[in-house]
Amino acid sequence: MNEVKHPKKPLIYYYSIALLVLMLINFLAVPWLAERQVKQVDYGTFMSMTLDNEIDQVEIQKQENQILFTDKEGQIYKTGMVDDPDLTQRLFDSDADFSGEIIEQMSPWLSFLLSWVLPIVIFIGIGQYMSKKLMNRAGGANSMSFGLGKSNAKIYVKSSEGIKFSDVAGEDEAKESLTEIVDYLHNPNKYKEIGAAMPKGILLVGPPGTGKTMLAKAVAGEANVPFFSMSGSEFVEMFVGMGAAKVRDLFKQAKEKAPCIVFIDEIDAIGKKREGQIGGNDEREQTLNQLLTEMDGFEENSGVILLAATNRPESLDPALTRPGRFDRRIPVELPDLKGREEILKVHAKKIKMANDVDFSKIARMASGASGAELANIINEAALRAVRNNRKNVCEADLEESIEVVIAGYQKKNAILSDKEKMIVAYHEIGHALVAAMQSHSAPVQKITIVPRTSGALGYTMQVEEGEHNLMSKEEIENKIATLTGGRAAEEIIFNSITTGASNDIEQATKLARAMITRFGMSDEFDMVAMETVTNQYLGGDTSLACSAETQAQIDQQVVDLVKKQHEKARQILQDNRRKLDELAKFLYEKETITGDEFMSILNASTNRSAS
Ligand code: ADP
Ligand code: ZN
C-alpha cells in the first residue's frame, strides 16, 4: 500500500485553537467593545446629574479610580474619581441604585452574541473545514469517502491512480492470470451464461516489492471498476476491538459498488493459522472469522473480486485458502533478467536518460533485485546525476546506484588503514579468482573496495550471464568454494584470519545445509527431506524435521562439505599465486576493477606463466 498519508493533526489541536480564540474574545474583545458604548463625562456633569436626580445606577470602582453610572434611559457613563467625601451621601439622596452590576448588564445582547453565538459559529466553521480535509485525505482526486469514522477503506471510484497492466513490467504469467478477471469484470454475462464462476478470492504471493499491489491496482484500472484497499495490519493495529466490524463494513460497501475489486494487503496479518496457542489473539481470530463468513456470504458472480497479497503464504490459515475462498494463487516472483530489464525501462521513462544506456547490462548487474529495488536504483541514479550537475542520467550513475541500493552508500570518511585495505583487496580478489578458475562459476562484473554504509568493506558484483533455474551439485559446490575464497586468500597471504568473512560463512553454511537437508545431494540421506522451508519469500528460514541423532550427522556433513570446498579454494589460489598478487595489487591501487580488466590481467598473466 502506497497511499500517501498526510500527517494527521489530532482533533484536540483544532479544539484548543477554538478555545484560545474564545478566551481571547472574552478577555479582550468583550470589555473593549463594552467600553466603547460608555460615554466619558467630566466630574462636573456627574455632579449635576446627581443633583438633578438623573442617575439610575452607580458603581464606584476604587481600584480603577473611576465611577460608572447610568441615566434613566440606560446609557452608561464613566467619569474619573475625585476626592469627594460627600459623594456617597449625595448619591444616596438622589435615589441612585448602588447595584454594582453595571458592567455585566451594560450590553446583555452584545455579550450574549460574543460569548455564545460567536463561539458556536467558530466551532461549526472548524468542523466543516475539518470534514472537508478528511474527505480529501480519504480519497484524493477521484474518490470519495464513506461515512466518516465508519470505515477507512479507501474507495477509488474510477481506476486507481490510472495504473494499467502496461505499467507493471515483467510478471507476464501473473498478468495473464489476471487478464481473465479483467475480462470477467468487463463482461460478467459471458461467464454467467455458460455457468462459469469466477473465483471469489485470488492470492498474490511473492517476495516484497515485486509489484503485487501494483498488479491489484492494475486489474481495477484495466477493468475500470472501483478499487477498495485495506491492509491486514491496519485491521489489527488501527481498529483494535473493531476488526470484525470493519470487515463487515468493507464488504457492505463493496457489494453496493459491485463490480469492484477489494484488495487486502498483508493478509497474513489477519489470516495467520489459528493454532490452539495459549493466549492467542482473540481479536485477530474474530476478524478472520468475520472475513471467512463474509466470503461465504456473498454468492458467486456478485461482481466483487477479492485480491489479497502476502509474502508468507505458508502461514495462512487453511480455512482461508480452501476452495470457495482464496482458492486461486498467483505467484509474483522476483523478476528474471528480461523482467528486470523491462522494469528498468518502465521506470527510466520517467527520467531523462542518456541515449547509450545499456539496460540489459544494468539488469544483469542487478541480479536478484526486486521491482521496488529496481525503481529505487533508477531514482538513485537520477539523484546522482543531479548531484554531479548533469542534465541526464548515464550508465555510470546506474552502476553506482546498484551498489548503493544493494550495499549502501559509500562511506566518505571511513578510511581503511593500508593494511586493512590490502587485506580487503586480497579477500575480494580471492573470491573472484576462485570463481573465475572454476568453469561453472559466474565471472565477476566489478569489484570495489570502498567501504559502504551497510558495513561491507568491499563489494563483488557477480553476474550470471543467463538465467539459472536449476543448479547442479557441482555448481553449488563451486559456489561454496567461491564463498570461502576470500578467507582462503587471507590465510595464504597474511597467514592470519579476520572477521571480514562472516557473511561468506553464513551463506556457505546455508548452501551446504540446503544441499544435504533439502536437495538430496548427500550420499547418506538420499532423497529424504530433513528440513522444510518455513518462509520462502523472506529469508528462507527452515525448520528441522529429523531426530537429534540425524541432526548431529547433518551438522558433521555440513562441516565436512564446507571444509572440502575451502581446501579446494585454497588450492586454486596457491596454484595461481602470481595472478592473485597481481590482481590484488591492481585493486588495491585503483580501488575498483571491472570484469574486463580482471579477465585481461588474468589472461595476460596466464600467457606469461605459460611461456
Ligand atoms: P508489493 O506489493 O509486491 O510489495 P508494490 O506493488 O507495492 O510491491 O511495488 C512497490 C514499487 O516497486 C512500485 O510502486 C513500483 O514502483 C515498483 N515495482 C515493483 N514491481 C514492479 C514491476 N513489475 N514493474 C514496475 N514497477 C514495479
Ligand atoms: Zn567475502
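Note that the structure is predicted; figures quoted are calculated from it, not measured. Whatever order the structure lists them in is the order used to number ligands and atoms, beginning at 1. Position 1 is the first residue of the sequence, and the numbers go up from there.
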Donor + acceptor pair across side chains of Asp268, Thr310 (<3.5 Å): yes

With no hydrogens and no angle check, do the side chains of Thr210 and Glu171 hold a donor and an acceptor under 3.5 Å apart?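 Distance-only check fails for Thr210 and Glu171.
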
Using a heavy-atom cut-off of under 4.0 Å, does the side chain or the backbone of Asn311 touch ligand 1, or both, or neither?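 Looking at Asn311 and ligand 1, no heavy atom falls under 4.0 Å.
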
Ligand 1 versus Ile343, non-hydrogen atoms closer than 4.0 Å: side chain, backbone, both, neither?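 Contact part for Ile343 vs ligand 1: side chain (C-beta onward).
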
Say whether [X] and ligand 1 are in contact under the criterion: heavy-atom distance to a ligand atom below 4.0 Å.
{"X": "Asp167", "value": "yes"}
{"X": "Ala309", "value": "no"}
{"X": "Glu342", "value": "no"}

If the test is side-chain contact (heavy atoms from CB on, under 4.5 Å), which one of Leu291, Leu292, Leu203 qualifies with Arg325? Leu292

Can you confirm whether Arg487 sits close enough to Asp504 that some side-chain heavy atom of one is under 4.5 Å from a side-chain heavy atom of the other? no

Any Lys568 side-chain heavy atom under 4.5 Å of Lys564 side chain: no

Can you confirm, on distance only, whether ligand 1 has an N/O atom lying under 3.5 Å from any N/O atom belonging to [X]?
{"X": "Lys212", "answer": "yes"}
{"X": "Thr210", "answer": "yes"}
{"X": "Val346", "answer": "no"}
{"X": "Ala375", "answer": "no"}
{"X": "Ala169", "answer": "yes"}

Vertex the Zn ion (ligand 2), arms to Asp504 OD2 and His431 NE2, rounded to 10°: 100°

For the Zn ion (ligand 2), the closest N/O/S atom belonging to His427: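 Going through the N, O and S atoms of His427 one by one, NE2 ends up nearest to the Zn ion (ligand 2).
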
Using the six-membered ring wherever Trp is involved, compare the ring planes of Phe494 and Tyr426 and label them parallel, tilted or perpendicular (cut-offs 30° and 60°).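 Geometry flag for Tyr426 against Phe494: perpendicular rings.
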
List the steps and the verdict of salt bridge (charged side-chain N to carboxylate O under 4.0 Å, His left out) for Lys338 and Glu342. CA-CA 6 Å; Lys338 191 168 141 277; Glu342 280 169 21; 3.6 Å; yes

Matching residue for Asp397 among Arg384, Arg387, Lys352 - test: salt bridge (charged side-chain N to carboxylate O under 4.0 Å, His left out): Arg384

